[in-house]
Amino acid sequence: MRYLPLTEADRRSMLATIGVDSVDALFRDVPEGARLPGPIPGLPNHMGELQVERHLSRLSTKNLTAGCVPFFLGAGAYKHHVPASVDQILLRGEFLTSYTPYQPEVSQGTLQYLFEFQTQVALLTGMDVANASMYDGATGTAEAVLMANRITKRNKAILSGGLHPHYREVTQTTCGVMGMDIQAQTPDPAGKEDLAGLVDDQTACVVVQTPSLFGHLSDFTALCTAAHAKGALVIVVVTEVVSLGLLTPPGQMGADIVVCEGQSIGNALNFGGPYVGLFATREKFVRQMPGRLCGQTVDAEGKRGFVLTLSTREQHIRREKATSNICTNSGLCALAFTIHLSLLGEEGFSRLARINHANAVLLAEKLAGLKGVEVLNDSFFNEFTVKLPKKAAKVVEKLAKQQILAGVPVSRLYPAEDGLEKLLLVACTETNTESDMDALVRGLEEVL
Amino acid sequence: MRYLPLTEADRRSMLATIGVDSVDALFRDVPEGARLPGPIPGLPNHMGELQVERHLSRLSTKNLTAGCVPFFLGAGAYKHHVPASVDQILLRGEFLTSYTPYQPEVSQGTLQYLFEFQTQVALLTGMDVANASMYDGATGTAEAVLMANRITKRNKAILSGGLHPHYREVTQTTCGVMGMDIQAQTPDPAGKEDLAGLVDDQTACVVVQTPSLFGHLSDFTALCTAAHAKGALVIVVVTEVVSLGLLTPPGQMGADIVVCEGQSIGNALNFGGPYVGLFATREKFVRQMPGRLCGQTVDAEGKRGFVLTLSTREQHIRREKATSNICTNSGLCALAFTIHLSLLGEEGFSRLARINHANAVLLAEKLAGLKGVEVLNDSFFNEFTVKLPKKAAKVVEKLAKQQILAGVPVSRLYPAEDGLEKLLLVACTETNTESDMDALVRGLEEVL
Amino acid sequence: QEEALIFELDNPGVVGVDLPEPATTKTKLGGVKARGRIGLPDLAEPQVVRHFTRLSQKNFGIDSTMYPLGSCTMKHNPRLNEKMARLPGFSDIHPLQPESTVQGALELIDQLAHWLKTLTGMPAVAMSPGAGAHGELCGLMAIHAALEARGEGHRKRVLVPESAHGTNPATAAFCGFSVDTIPAEDNGRVSVEAVKAKLGPDVACIMLTNPNTCGLFEPQIKEIADAVHEAGGYFYCDGANYNAIVGRVRPADLGVDAMHINLHKTFSTPHGGGGPGSGPVVLSAALAPFAPLPYVVHGEDGFRLVEHAADAEGKPFGRLKTFHGQMGMFVRALSYILSHGADGLRQVATDAVLNANYVLASLQDVMSAPFGGPCMHEALFDDGFLKGTGVTPLDFAKAMIDEGFHPMTMYFPLVVHGALLVEPTETESKSTLDQFIATLRHLAEKAKAGDAAFFQAAPRLTPRRRLDETAAARKPILRWTPPAQPVQAQAAE
Amino acid sequence: QEEALIFELDNPGVVGVDLPEPATTKTKLGGVKARGRIGLPDLAEPQVVRHFTRLSQKNFGIDSTMYPLGSCTMKHNPRLNEKMARLPGFSDIHPLQPESTVQGALELIDQLAHWLKTLTGMPAVAMSPGAGAHGELCGLMAIHAALEARGEGHRKRVLVPESAHGTNPATAAFCGFSVDTIPAEDNGRVSVEAVKAKLGPDVACIMLTNPNTCGLFEPQIKEIADAVHEAGGYFYCDGANYNAIVGRVRPADLGVDAMHINLHKTFSTPHGGGGPGSGPVVLSAALAPFAPLPYVVHGEDGFRLVEHAADAEGKPFGRLKTFHGQMGMFVRALSYILSHGADGLRQVATDAVLNANYVLASLQDVMSAPFGGPCMHEALFDDGFLKGTGVTPLDFAKAMIDEGFHPMTMYFPLVVHGALLVEPTETESKSTLDQFIATLRHLAEKAKAGDAAFFQAAPRLTPRRRLDETAAARKPILRWTPPAQPVQAQAAE
């Protein structure tokens, strides 16, 4: 076994030092009936590297790779181009094979990038402070609702009909078990929802999303004013973080907590994970914030350095009184985010956002020209909703057979809802060429 | 331009420090007629990373990748499996982006692996010492002949008919211009050649290869004795270094210089380059050896350390009296070799060689069973010659159309020689499965 | 070498990526305004690469040295696994592609699930949790759902030994349970009597780590499981220390109802400075019907994802993650598992336990081991051997850094005073262990010889000397702010 | 941290790769014996990865710091290029596959050739040389062949300025030419008069580096080229310093007949601690027919390789490398070239020259610049400013290491005393240059202040202090030998 450096001679000599005859003696506390005499039955023995590569490569080729086809899926996960240097830095053993920076003197690399990440997230969202990442956008959203509950001591959360239904489900699951009253609104494909009227003095928070699942953009300034007047918080969710390169940030609208899915920057699609949740809030709420935090300090010689801080909020100190049970975050994904965003910079990030928007505008115009196809959006960033004359899921399946991945049928996310089955979410990023777009148009012409 | 960190403001401020008005003033020594006023005409402007990736990926997919098909080519370049960790270590910036270790205090990493590489090469070849690598096997061979010329002060070199013809050509080209008399023997597909009788007291060296181009194995002990008796040196060439895991090393046969192509260990096929030449010799010849050498020494505190040494042989000190004009070697390829061989170890390297041989034996048996196909070899390592009933080049072309890469037709290497056009060199390594072999057998059955 | 913050390297006007002009200048922003300057720094690619390369050089990793953090299972991370996870057929597929276009991905999840179920002897596994603590949440939610389904939603008490990881009580509280602590016995174990004394009709479950956080196997685990089951509760096993028994003991044979598996510990997906992890949870037949969405099933026309309650056979308690789980980690874990096989995984546990016992046996004469041996995969010491020296466990750990080793876990578990918890893992060689042992012997003797100042000043050879954590927490500075704007973003005090 | 030699880590019985049993035990070795033990060490993968990771940590690289080695053009190495070179369609193809199966590879070579020819204005390029010195060989062999073809094989003298890289005279001698040295003028240039004084009917060619090794453009280059041509000789230009003029000046416009291009300098293929390089040679119409085999041509049915003299249109002088050249480097270079484009490459030269002049202008008051400014891509200093300080250029350079910078090239070119040759390249930012300048000013002042001992003891912060190169050469130890066998492999003295 190539990963195991002990030889039989080593093992014998070590057993002699320990003073036992065999390894089995070390397992003497295991109930006898549970001690297996040999390898677990029914499983194969070890394979060489070449064999493992063959096995996994074979599985991988059974999938239709996004980069090989015209590709227009979004709905919370986006295909963007990540510079090659990002992954190469990530693969440096000093980053890849390190643990949570409990020993700051030998973890300043990890700690400094976390501090940079927190700053970047605060800047993008327009908020005061951010944590060192969450598992993903949906878990971050659930944590934000629980945080609002802790801050307001209120029990009710209103979830927008524009919120990604998976985010809604994770919030319902997580906060439901805590006994919160989660009021999820019906899907809002038209983007006309107004939640201000629903906020009352039992409301802990309102959770809204921009761009919404259906692509609509909103300014939540009025909602924030209204909610704050009732003592409720507003949580703004962003599932496509590239939109923050172009649009007014939630912080400027008055949001109290901003949660984003950060996958778009630095991270591959990965069939849904690992991703990275961004979590930002107001300074005054920082001690109610879940997750790890990196803070600036000085060392014994007075030099600037970084440490994990405010850990009295966390489970390993506070145990059942912790703000969250979260322990591992998405460190490497956060690093990818930080490197990619550093490469983009102000100019690059803003241009990337404008390219995404421009490509989507171009595609929307092309699709709007198709007979029977209606673009539902007055506003959007890089994703919008089209109404097809047929069931979207069937259309998508047919186009997939032609090696075109056309978008996400809304019915995949809302299978039980009437009136949504003809809706298709279509995303367009900097990775889509005009010939990709034309292939989609031709494909739709054929199958519609 | 993403690689250029100067801004226009930087440039202006730097010009002010320099005290000139414009950059053009810095180019004042360039004859006016040669100063181009703008970008060189006829070439496109810069591309983004995504565009470059698209362009090059498109070119790459026009090639038939060895790993995707049954593949049996050898003749000096072999497909072996390289563990993933090799490339990842290579890509560490401290190795990848460093220069020749002229400053040993900040290059001990490079120097130590070169010292390890030299030791590995000496061990594999059974020689006393080795240098820090050559460009490839053929250039190493030419350098070896020139070295023999320096040592013996004789002018004639005899090249075996089993020597790879590209090695012969490089030697003829390089040593020919120096005025050496290169006596290349005719191709030896039967492996019956005996060169001892050709050695006279004008002979600087005899160059032989094992396994030969045609796959035959030889013990050169008698040849070495005979050559030494005439005051000539014997240079043994090995184009498949994996064979040294199984076969008596040239050093044990009495070779004076051993040159190998090291590509098989750690390095990809790369369409022929970069590869890595291994070069080993007897202790007594070390000051006539070309190329860089790393040596052990101590630092100011008495600790063991490593430096480039014997540089008085080299061009940057000795100029026109240098042993060679060589400057750059194949450092990274040597590193790949060293890491891969370290992973293999004694046990792994020897087993790898046995697997290669066993697979080739198996394939030879299968091919020998085909009607009209004759295996010419009594002995071989992982490559052998078959005589087909048709022209080998045509057969190979036909099989390529069926996505089988069957081997190297000898006519590709010896286009003008009669009697060789039906010969096919077939190699088989650890990467060939039995189903690959059966695909080749079936393919041959069809086209023959 | 010093390295500024990326923001301090800002050079407005350069770019680190080259992007074309947007295809059109038309916009469809509705009433939302385009934003102004964000405040991100501009750098060229060479500057960014150098910045992060230099940051990395301030870190220790497993690649560079032994990293014996107890409870963290810092084993070798094979690069093969990284290569496999980057195959475009895995990394470049969208979670909502039609199932017909991701059959290989679904099959991979199914294969990994098969391994996890067979290794643990459990009938079901929930794949989506994003980390160990998330897996605990999954397990407790399944227990919550099962109790509700039984009409026993009143069971609100969760038993947790005092030696437990903080995540256990935190998770229980997160799920709305109350936490009742079971005291540890003098031998570092939990006794069946102590558990029985706490059992009652309001007990939902026990959360037990096994091997426990002292590195000891709970010998009465079967009796405890039986007692809990008899009392109508469930047995949640914290699988953080599964590496000690993988391939040798099936948790199902111990009476476990739910156990999370940290793929980033036992199955070597890299921890990456704090994640991403992955925490699948194996479930007993009693809990399996409540497993969360989504999950993979194998039907007649291939693999299928069950994403909605209406399509589920059981009664899924909900959804835990945006998509289907940490696919990238699944690929790595399966690559690791196939590389080891059933024989290799058994050897993993064997060697991990052997290495820990070797450290324990080799050091127990100079350091103090509260519970003697044999241990499982971790060797626990307390600060008894430092008594009267003026050297704290923290000082001792920091001195190890200057010797080139990452320190062990300190001050955990809480059940011994000044804990020092060493987990070498199976991927350390005997010769490295011998160096480690020699270093610790040397340091222990130095401490006893009265050289406290030496320890208190450590580390000396690191990019930073000891950092003031108190100051950091008292007046938190959690982000960079431009020096021109003197207002610093500080948390409320 | 100390790191033993890989041989000293030997642990017989472990393996770092898992290989299956051979398919058969039959052998076909003829009369050749299977060998005995080789003596390679056995290690598991984690040990190997840690060993080489730790070795790497003892190196400086461009990724970690400014590396201003004059003549070496140590610029940023984009990782995109590495990624492209690893596309299986380039890395996993065999050089002797049927041409029909490698059309993309041949097209890539053709595209790179087109760029090199257009950038230099030259009609032909030989792609196969493996490095710069190998390119020089190629160029001189082409000249040799052209002279032979003209019936002027008696031209055996090659003119080389004394400032030339050692490779120039070495290469000329390697090709059987005699070397005649042209003295440098006081201003660091070669004068047309000095060249004319050496010309004669036995002159084969001049080898001139331009910009030259003092970092200066040869202002009389056109006149020199004309004079050499008039005398029946050829003009070989050493392109090592091409980075200074790429995209701004076409060597063809200067009268060049042959020039090698170090892809690992100007076009950023990584130098990797000493190679692999790649040294294509552009050729004038006079020399083009003699270009070596193989080369790519574009025919009616696609791209084709000309591998044999019988198929060639011209009179190729032979073959230089086993196969077609450094394909892996070609991919990287084309990736770099496409990323820059004609506009970016021009900017490369501009910024490289600007950076060097900025360093020169900022330091010439505290260090001594023998030739003043402006320079091209390198700033040359001599040791005048150290006179009487007891500090040598070597001491000065070693002190830079402790400040975190890789030293510049020392003691080359030979035409000035105690040369210090700084080549920042275009990929260093102004802020890094400012730090570099401040450090050198500080060191220069410190040297003048008389603190020689400080410099003589440098470096202090490196894995090793100064190494004894004399001892290494006197009694060479060129390989490890097992301690049990006391006989060491030593070179003859």
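Residue numbers begin at 1 in each chain, while the letters A, B, ... track the order of the sequences.
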Any side-chain heavy-atom pair from A:Glu49 and D:Glu45 closer than 4.5 angstrom? yes
Which atoms of D:Val17 approach chain A - backbone, side chain, both or neither, heavy atom under 4.5 Å: backbone
Counting heavy-atom pairs under 4.5 angstrom with chain D, the leader among A:Asp87, A:Asp10, A:Leu50 is A:Asp10
Part of A:Glu94 lying under 4.5 Å from any heavy atom of chain D: side chain
Scanning both residues in full, the closest heavy-atom pair of A:Ala84 with D:Lys83 reads CB-CD, 3.8 Å
Measuring heavy-atom distances to chain D, does A:Pro83 have an atom under 4.5 Å in its side chain, in its backbone, in both, or in neither? neither
I'd like to know if the side chain of D:Asn11 reaches the main chain of A:Pro5, judged simply by a donor and an acceptor atom lying under 3.5 Å from each other, with no hydrogens or angles considered. yes
Please report the closest heavy-atom contact between A:Thr7 and D:Val14, naming both atoms and the distance. CG2-CG1, 3.3 Å
Rounded at 0.5 Å granularity, tell me how far CD in A:Gln88 sits from CG in D:Asn77. 12.0 Å
Residue part contacting chain D, namely of A:Ile89, when any heavy atom lies under 4.5 Å: neither
Might you point out which heavy atoms bring D:Pro20 and A:Gln51 nearest each other, and give the distance in Å? CG-NE2, 4.4 Å
Given a strict heavy-atom distance threshold of 4.5 Å, which part of D:Gln57 is in contact with chain A: side chain, backbone, both, or neither? side chain
When rounded to the nearest 0.5 Å, the distance separating CZ of A:Arg2 from CG of D:Leu43 is 15.5 Å
Is D:Pro78 close to chain A through its backbone or its side chain, or both, or neither, when contacts mean heavy atoms under 4.5 Å? neither
D:Asp18 side chain reached by A:Met47 side chain, heavy atoms, under 4.5 Å: no
